[in-house]
Trainee: 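My structure is below; once you've seen it, I'll send some questions.
Every chain is numbered from 1, with letters handed out A, B, ... down the list of sequences. Quick caveat: nothing in here was measured; it's all calculated off a predicted structure.
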Protein chains: 2
Amino acid sequence: MSVTAAKGFTAAGIAAGIKENGNPDLALVVNTGPRLAAAGVFTSNRVKAAPVLWSEQVVKGGLVSAVVLNSGGANACTGPQGFQDTHATAEKVAETLDLNAGEVAVASTGLIGVTLPMDKLLPGVESAAGELSAHGGEKAAIAIKTTDSVHKTAVVTREGWTVGGMAKGAGMLAPGLATMLVVLTTDADVEADVLDRALRDATKVTFDRVDSDGCMSTNDTVLLLASGAARVTPEYAEFAEAVRAVCDDLARQLIGDAEGASKDIRIEVVNAASEDDAVEVGRSIARNNLLKCAIHGEDPNWGRVLSAIGTTKAAFEPDQLNVAINGVWVCKNGSVGEDRDLVDMRYREVRITADLAAGTAEPVVIWANDLTADYVHENSAYSS
Amino acid sequence: MSVTAAKGFTAAGIAAGIKENGNPDLALVVNTGPRLAAAGVFTSNRVKAAPVLWSEQVVKGGLVSAVVLNSGGANACTGPQGFQDTHATAEKVAETLDLNAGEVAVASTGLIGVTLPMDKLLPGVESAAGELSAHGGEKAAIAIKTTDSVHKTAVVTREGWTVGGMAKGAGMLAPGLATMLVVLTTDADVEADVLDRALRDATKVTFDRVDSDGCMSTNDTVLLLASGAARVTPEYAEFAEAVRAVCDDLARQLIGDAEGASKDIRIEVVNAASEDDAVEVGRSIARNNLLKCAIHGEDPNWGRVLSAIGTTKAAFEPDQLNVAINGVWVCKNGSVGEDRDLVDMRYREVRITADLAAGTAEPVVIWANDLTADYVHENSAYSS
């Protein structure tokens, strides 16, 4: 059901010819109201794609009527021409649907440094507009795929209102954000500033805590649109929980479909002195190539976990660290613990628990993937 | 010639049986004076192996009579037993050679979290002592290999004095330091505080600027010993230059032999606002897994270079960045530059130049490797 699960939205996904293989590559999501509230979170990479620069400005107004997304080209590092192309795309959507271009968000994904084929994209906008439907969410989700093996959608329904969404992203998932395009919609009657708060609270503990390969994209965009069509205004906590649940579901789907991965690694950091410490340690473990290789080889190499923890500034004493892999405490007090042969690593999900023994912060979970020869192959040949 | 190129040193390398395959695994380097000055630089990982904790204390005194090094086990994360084993090793060397144990440095390399077979190591010390020779440098260099495909030595000779050295390290090379054991010797008559300064000046621009896989070891140790046997005290600048030349030579050998690598990547950052900015940018590029895969695939994917630069705090404007790959400026002003098809990437060395257009800092060079399926294979199976 994706972005059309909530009332007040139509969507479409078509093949505009941006991708040379003829796969769907253009999606349109339209908020039919009555409310047109929106919020967005964007990549923290300082090299931002043209559509990110554009959409950041659009979202500042708190009002988004439509989102146009393309796969097949990131429109990043494309100079003034790239920004003009993004602007022209928004104008085309506005003209076709009789909207204000300043309320049309644009998102792009694909190879960096290549300008978009506007002769295909602009007619594609017209085709997509002709296909808009209250059942178009699935097709929209399919049209934003790049190296994704499956399209990703999620929905939660509460009493009388719904939050739904779609995501794409299969590589370069990293905090701040993952490489992803995400559009979330809700028919709850919620103002833009509340959407903004709920979205930031949610992304901080979901998309910002998946780290597939430590790389940060130029194009990450997460948008949350509210139509108000359900004519219900939930309590903040209830609404925030629903947004978070959808983000969490999509984030897990992203990790589960990461390029070339054979393992999903759930890293839980417990007994840190602070949440920041726990996140820093979790990310350091998540990014350790040697550990990621060991997990791929089903080797419970806890020494590499300690080595990763040791590079952080978090509060801990080396001789008080404990590490469990799939429930077996293979490292106790910074040294050899339970027999590593007890660790069963045959399954896709691998759980690492790092106990810093340094405080009482709430546990933090970071999701990562293993490092595989398939990852190398996929990313050696991506642009050729 | 290695550590015995300089006068006043003897060395040996033997197979003590620490490695199960019977390869050489124990090295001894002895300073026969007349001076016994020394300095050391150690890993900045907060999880330090027992021999690092020991040798840091030894070196503080500025006096090292002998260094005993073993491969086949890192003696890291081995708790109080590990420290006792290091201490016992130093005591054994002292007893055998009639030295003070407080002047015996110890270095270990191999798998983390496994205690050393002291029943083999201690008799090995006696055997090695019996083999000590002014021609033993080569054998010592061979005995410290782990996954190294070749042993690494370097020598520079100046007017009447020499600096030589040996290194091991083939993976987990990363700033602060690379995963390496290095012993440098000189017969110049130099005091400990001068050795310390020259060693820090040298490692900062050599070993600290190689980054094979972004991982930082628990065992890195670089020692510089002076015997004074040449009875020459060079000017500081001249001495520092010689130490730096040997470190640079060894650092390049380490990158050239990195686990599974098929490319050596020379990353030069120019026109940064400061040296710190240049180093931060160079390391960010060096650690970008997506770029490392692209280089492996001989794909001049400059978008991934920009994406890596964008994650740093360095001063730059995205639309002023320029990137050359093997001399072709494929990115100009943050956008498409010269034709990427002009880039010839068939050779092992790949040169990336990142022009930040932000200042007048001296260029900084960071060396890295590509990411390959062979790297994954070697590091998936390392401990099994």
Trainee: Which atoms of B:K313 are under 4.5 Å from chain A, going by heavy atoms: the side chain, the backbone, both sets, or neither?
Mentor: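 Looking at B:K313, just its backbone touches chain A.
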Trainee: Search all heavy atoms of B:A314 against all heavy atoms of A:R46 and return the closest pair with its distance.
Mentor: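 Closest heavy-atom pair between B:A314 and A:R46: O-NH1, 2.5 Å.
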Trainee: Please list, chain by chain and in numerical order, all residues satisfying salt bridge (charged side-chain N to carboxylate O under 4.0 Å, His left out) with B:D319, sequence neighbours excluded.
Mentor: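 Residues passing salt bridge (charged side-chain N to carboxylate O under 4.0 Å, His left out) with B:D319: none at all.
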Trainee: Measure distances from B:L321 to the heavy atoms of chain A and classify the residue's part below 4.5 Å as side chain, backbone, both or neither.
Mentor: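 For B:L321, side-chain heavy atoms alone lie under 4.5 Å from chain A.
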Trainee: Which one wins on heavy-atom pair count under 4.5 Å against chain B: A:G337, A:C331, A:A308, A:G334?
Mentor: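 The option with the most such pairs is A:G334.
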Trainee: Once you round to the nearest 0.5 Å, how far does CG of B:N45 lie from CD1 of A:I309?
Mentor: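 Nearest 0.5 Å value for the CG-CD1 distance: 10.0 Å.
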Trainee: Between B:T311, B:N289, B:V336, which shows the greatest number of heavy-atom pairs under 4.5 Å with chain A?
Mentor: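 Counting heavy-atom pairs under 4.5 Å, the top option is B:N289.
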Trainee: Heavy-atom distance under 4.5 Å between the side chains of B:N301 and A:L111, does that happen here?
Mentor: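 Contact flag for B:N301/A:L111 side chains = yes.
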Trainee: Could you grab the distance from atom CG of A:L371 to atom CG of B:L371, nearest 0.5 Å is fine?
Mentor: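 Those atoms lie 5.5 Å apart.
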Trainee: Picking from B:A74, B:G113, B:G79, which has the most non-hydrogen pairs under 4.5 angstrom with chain A?
Mentor: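 Of the candidates given, the most pairs with chain A belong to B:G113.
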Trainee: For A:H296 and B:S380, which heavy atoms make the closest approach, and how far apart are they?
Mentor: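 Nearest heavy atoms, A:H296 then B:S380: CD2-OG, 3.6 Å.
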Trainee: Considering all heavy atoms of both residues, which atom of B:L306 and which atom of A:C77 are nearest to each other, and what is their separation?
Mentor: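 Closest heavy-atom pair between B:L306 and A:C77: CD2-SG, 3.3 Å.
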Trainee: Heavy atoms only: give me the nearest B:C293-A:V376 pair and the separation to one decimal.
Mentor: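 For B:C293 and A:V376, the tightest heavy-atom pair comes out as SG-CA, 3.7 Å.
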Trainee: List the atom of B:S307, the atom of A:I112, and the distance in Å for their closest heavy-atom pair.
Mentor: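 Scanning both residues, the minimum pair turns out to be CB-CD1, 4.4 Å.
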Trainee: For chain B, find which of A:N333, A:V330, A:D374, A:T312 contributes the most heavy-atom pairs closer than 4.5 angstrom.
Mentor: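 It is A:T312.
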